[in-house]
Amino acid sequence: FKIDTLDFDSSSGDLDIDGVVANELDADTASGKMKIGGVFEKVDIDSASGDVEVFGDHKELNVDCVSGRAEIHRYALEGYYSTNVCTVSGDVYIHANALSHLDVETVSGNVYVDMKDYGDGFVAVLDTVSGSMTCNGSRGDRYTLGNGTARFDFETVSGNVTINLR
């Protein structure tokens, strides 16, 4: 059977979820670490200072971290998947077979994207004050591969973006 919504709130405890199937997951913590796996249509995660690690193929993934590290593992090769990550000083690591939509905002955290399959291509755009973007050795604030079907938007104040295509 499939659960409709899971909602977790914690001030300092760790949260480890795996093997759950549900429509929606909403998890909030002040300082606990979160490790999220399973199958969800939508995932919303808020963390003040705990690290967040997410595994799986969720149609919509929203991660908001103040100072914790965010690590995302996406496995899907087909379909539309939206990934939105916002941090203040935490670094963002995204490991994916493919991505169709990516939006990352950070003040001083760095962003690392490691992608295996880029399908029909993508357009990556960086809006920054003093950061930089590098994609497979090419440096600039815009990078287009193929026909640019997927869209990756990065916004930083001083954080750097590195995209590695395997």
Side-chain angles (χ1 to χ4, degrees), residues 1-10 14-30 32-88 90-107 109-127 133 143 145-156 159 161 163-165:
F1 82 97
K2 187 175 184 180
I3 299 168
D4 186 47
T5 303
L6 291 174
D7 191 352
F8 295 96
D9 292 303
S10 171
D14 293 347
L15 179 61
D16 191 346
I17 298 173
D18 194 15
V20 175
V21 177
N23 287 328
E24 187 172 340
L25 170 69
D26 186 358
D28 303 313
T29 186
K33 293 180 182 178
M34 283 194 245
K35 187 173 183 179
I36 309 294
V39 178
F40 303 97
E41 290 292 315
K42 181 179 180 185
V43 176
D44 288 312
I45 296 173
D46 291 302
S47 173
S49 66
D51 292 344
V52 173
E53 191 169 10
V54 181
F55 297 87
D57 297 320
H58 318 297
K59 293 282 185 190
E60 182 179 345
L61 174 61
N62 303 299
V63 177
D64 192 353
C65 296
V66 176
S67 63
R69 165 186 164 142
E71 187 158 356
I72 314 295
H73 301 266
R74 307 288 311 242
Y75 309 117
L77 288 173
E78 295 181 10
Y80 181 83
Y81 294 89
S82 176
T83 304
N84 306 290
V85 183
C86 183
T87 73
V88 175
D91 289 342
V92 177
Y93 297 85
I94 299 172
H95 312 279
N97 284 339
L99 292 166
S100 46
H101 172 263
L102 176 62
D103 188 351
V104 180
E105 297 178 20
T106 182
V107 175
N110 293 312
V111 181
Y112 304 93
V113 178
D114 183 38
M115 193 167 53
K116 183 178 180 182
D117 183 354
Y118 26 92
D120 292 330
F122 62 87
V123 174
V125 178
L126 173 65
D127 181 8
M133 180 170 68
Y143 185 86
L145 179 69
N147 68 12
T149 301
R151 177 74 184 204
F152 307 159
D153 290 303
F154 302 98
E155 185 176 337
T156 76
V161 177
I163 301 172
N164 179 38
L165 305 175

What's the separation between atom [atom1] in [X] and atom [atom2] in [Y], rounded to the nearest 0.5 Å?
X: I72; Y: I45; atom1: CD1; atom2: CD1; result: 6.5 Å
X: T83; Y: Y81; atom1: OG1; atom2: OH; result: 10.5 Å
X: N164; Y: I94; atom1: CG; atom2: CD1; result: 13.0 Å
X: D91; Y: N110; atom1: CG; atom2: CG; result: 5.0 Å
X: L165; Y: F122; atom1: CG; atom2: CZ; result: 4.5 Å
X: E41; Y: T5; atom1: CD; atom2: OG1; result: 11.5 Å

Over all atoms of both residues, closest heavy-atom pair of [X] and [Y]:
X: V125; Y: R151; answer: CG2-NH2, 3.6 Å
X: S47; Y: M34; answer: CB-CE, 4.1 Å
X: A70; Y: V63; answer: CB-CG1, 4.2 Å
X: G56; Y: R74; answer: O-NE, 3.5 Å

With [X], which residues qualify under side chain to side chain contact (heavy atoms under 4.5 Å, CB included), at least two apart?
X: V66; value: V88
X: E53; value: K35, F55, E71, H73
X: T87; value: C65, V85, V92, T106

Under the ring-ring contact (aromatic ring centres under 6.0 Å, His included) test, residues paired with [X] that sit two or more places apart:
X: F8; answer: none
X: H101; answer: none
X: F40; answer: H58

Looking at residues at least two apart in the chain, or sitting in another chain, which of them share a salt bridge (Lys or Arg N to Asp or Glu O under 4.0 Å) with [X]?
X: D114; result: R166
X: D9; result: none
X: D44; result: K42
X: K116; result: none

- Residue pairs involving residues 17-27 (criterion side chain to side chain donor-acceptor pair (under 3.5 Å); sequence neighbours excluded):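 As it turns out, the side chain to side chain donor-acceptor pair (under 3.5 Å) pairs with a partner in residues 17-27, which skip direct neighbours, are K2-N23, D4-N23.
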
- Message: Please enumerate all residues that pass side-chain hydrogen bond (donor to acceptor under 3.5 Å, both in side chains) together with N147, with sequence neighbours excluded.
- Response: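 N147 satisfies side-chain hydrogen bond (donor to acceptor under 3.5 Å, both in side chains) with T149 only.
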
- Item | Donor on one side chain, acceptor on other, S82 and N84, under 3.5 Å |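 Checked: S82/N84 side chains pair up, N/O donor to acceptor below 3.5 Å.
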
- Message: If we ignore hydrogens and angles and just use 3.5 Å, is the side chain of D153 paired with the main-chain N or O of D103 as donor and acceptor?
- Response: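 Side chain of D153 to backbone of D103, a donor-acceptor pair under 3.5 Å: no, none is there.
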
- Query: Is there side-chain contact between L99 and V113, with at least one heavy-atom pair below 4.5 Å?
  - Reply: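 A side-chain contact exists here, since the closest heavy-atom pair is under 4.5 Å.
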
- Item | Any L15 side-chain heavy atom under 4.5 Å of I36 side chain |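 Yes, at least one pair of side-chain atoms sits under 4.5 Å.
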
- Query: Using 30° and 60° as the class limits, which term best fits the ring planes of F154 and F152: parallel, tilted or perpendicular?
  - Reply: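 Rings of F154 and F152: perpendicular, as their planes differ by over 60°.
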
